[in-house]
Amino acid sequence: MSFNNDVFDVVRLIPKGRVTAYGAIAKYLGDARASRRIGWALNKSFKITPSVPAHRVVNRLGMLSGALHFPPEMSMAEKLENEGIVIKDGQVVEFKILFWDPMTEL
DNA sequence: TTGTTGACGCTCA
DNA sequence: CTGAGCGCCAACA
């Protein structure tokens, strides 16, 4: 299915140290209402290759809503902080600045 | 086949 | 500010 692949492609294009939102990706793919399916696609992203930096995708408010779905070994927050992103209380600090919008950046 | 679910996003009270 | 509800739609039991 191409939808998932499109999602993976966009996510892989997210620059290191930057983040984006489900809605932004959905909109970029032409279906702003697909935000929900983005999460589904990213779920499968764990078992595909090349791997997808799903940790760079957060909800519209910059919160790590999907952190619970990440492997316990390395949480979403850890990976993000590993890239220089600061996580405060489950949400990305300066999200507004770190936000990477495929619509305008691509 | 039908019903439920969900890593969202928005609106309304 | 917080909480509840709704639309959307693919995957899954």
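Chain identifiers are assigned alphabetically (A, B, ...) following the order of the sequence lines, protein sequences preceding nucleic acid strands; residue numbering begins at 1 within each chain. Quick note: numbers below take in every heavy atom, side chains included, and nothing from hydrogens, waters or symmetry partners.
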(request) Calculate the interatomic distance between A:F95 atom CZ and B:dG9 atom P; express it in whole Å. (result) 9 Å

(message) Distance check needed: B:dA7 C1' versus A:F8 CZ, whole Å only.
(response) 13 Å

(message) Do A:V10 and A:D6 have side chains that approach each other closer than 4.5 Å (heavy atoms only, starting at C-beta)?
(response) no

(request) Could you check if a side-chain atom of A:P53 sits within less than 4.5 angstrom of a side-chain atom of A:V11, using non-hydrogen atoms only? (result) yes

(request) Could you check A:I85, A:I97, A:V86 and say which one makes a side chain to side chain contact (heavy atoms under 4.5 Å, CB included) with A:V92? (result) A:I85

Expected list for residues 30-40 of chain A: side-chain donor-acceptor pairs under 3.5 angstrom, two or more places apart:
from  : atom 1 : to    : atom 2 : distance (Å)
A:D31 : OD1    : A:R33 : N      : 3.1
A:D31 : OD2    : A:R37 : NH2    : 2.9

Can you sort out which residues in [range] have a heavy atom within less than 4.0 Å of DNA chain B? Ascending by number, please.
range: residues 53-68 of chain A; result: A:A54, A:N59, A:R60, A:S65, A:G66
range: residues 82-90 of chain A; result: none
range: residues 18-35 of chain A; result: A:Y22, A:G23, A:S35

(message) Enumerate the side-chain hydrogen bond (donor to acceptor under 3.5 Å, both in side chains) contacts for residues 72-82 of chain A, please, sequence neighbours excluded, ordered by first and then second residue.
(response) A:S75-A:E78

Considering only nitrogen or oxygen atoms on both sides, find all protein atoms under 3.5 Å from nucleotides 2-6 of chain B and state each distance.
from  : atom 1 : to    : atom 2 : distance (Å)
B:dG6 : N7     : A:R36 : NH2    : 3.1

(message) Just to verify, what does A:F8 make a ring-ring contact (aromatic ring centres under 6.0 Å, His included) with, not counting sequence neighbours?
(response) none

(request) Tell me, please, which residues at least two apart from A:Y28 pass ring-ring contact (aromatic ring centres under 6.0 Å, His included). (result) none

(message) Distance check, P atoms only: B:dT4 and C:dG5, in whole angstrom units.
(response) 16 Å

Side-chain donor/acceptor pairs under 3.5 Å, residues 56-72 of chain A, sequence neighbours excluded:
from  : atom 1 : to    : atom 2 : distance (Å)
A:R56 : NE     : A:E83 : OE1    : 2.9
A:R56 : NE     : A:E83 : OE2    : 3.2
A:R56 : NH1    : A:I14 : O      : 2.8
A:R56 : NH2    : A:E83 : OE2    : 2.8
A:N59 : OD1    : A:L61 : N      : 2.9
A:N59 : OD1    : A:G62 : N      : 3.1
A:N59 : OD1    : A:M63 : N      : 2.9

(message) For residues 77-106 of chain A, which residue pairs pass the ring pair (Phe, Tyr, Trp, His ring centres under 6.0 Å) check, not counting sequence neighbours?
(response) A:F95-A:F99

(message) According to side-chain hydrogen bond (donor to acceptor under 3.5 Å, both in side chains), who are the partners of A:S51, at least two apart in sequence or on a separate chain?
(response) none

(message) Hydrophobic clustering (ILVMFWY, side-chain heavy atoms < 4.5 Å, transitive) - are A:V19 and A:M74 grouped together?
(response) no

(message) Going by salt bridge (charged side-chain N to carboxylate O under 4.0 Å, His left out), name the residues that satisfy it together with A:R12, two or more places apart in sequence or in a different chain.
(response) A:D9

(message) Rounded at 0.5 Å granularity, tell me how far CG in A:L80 sits from NZ in A:K16.
(response) 12.0 Å

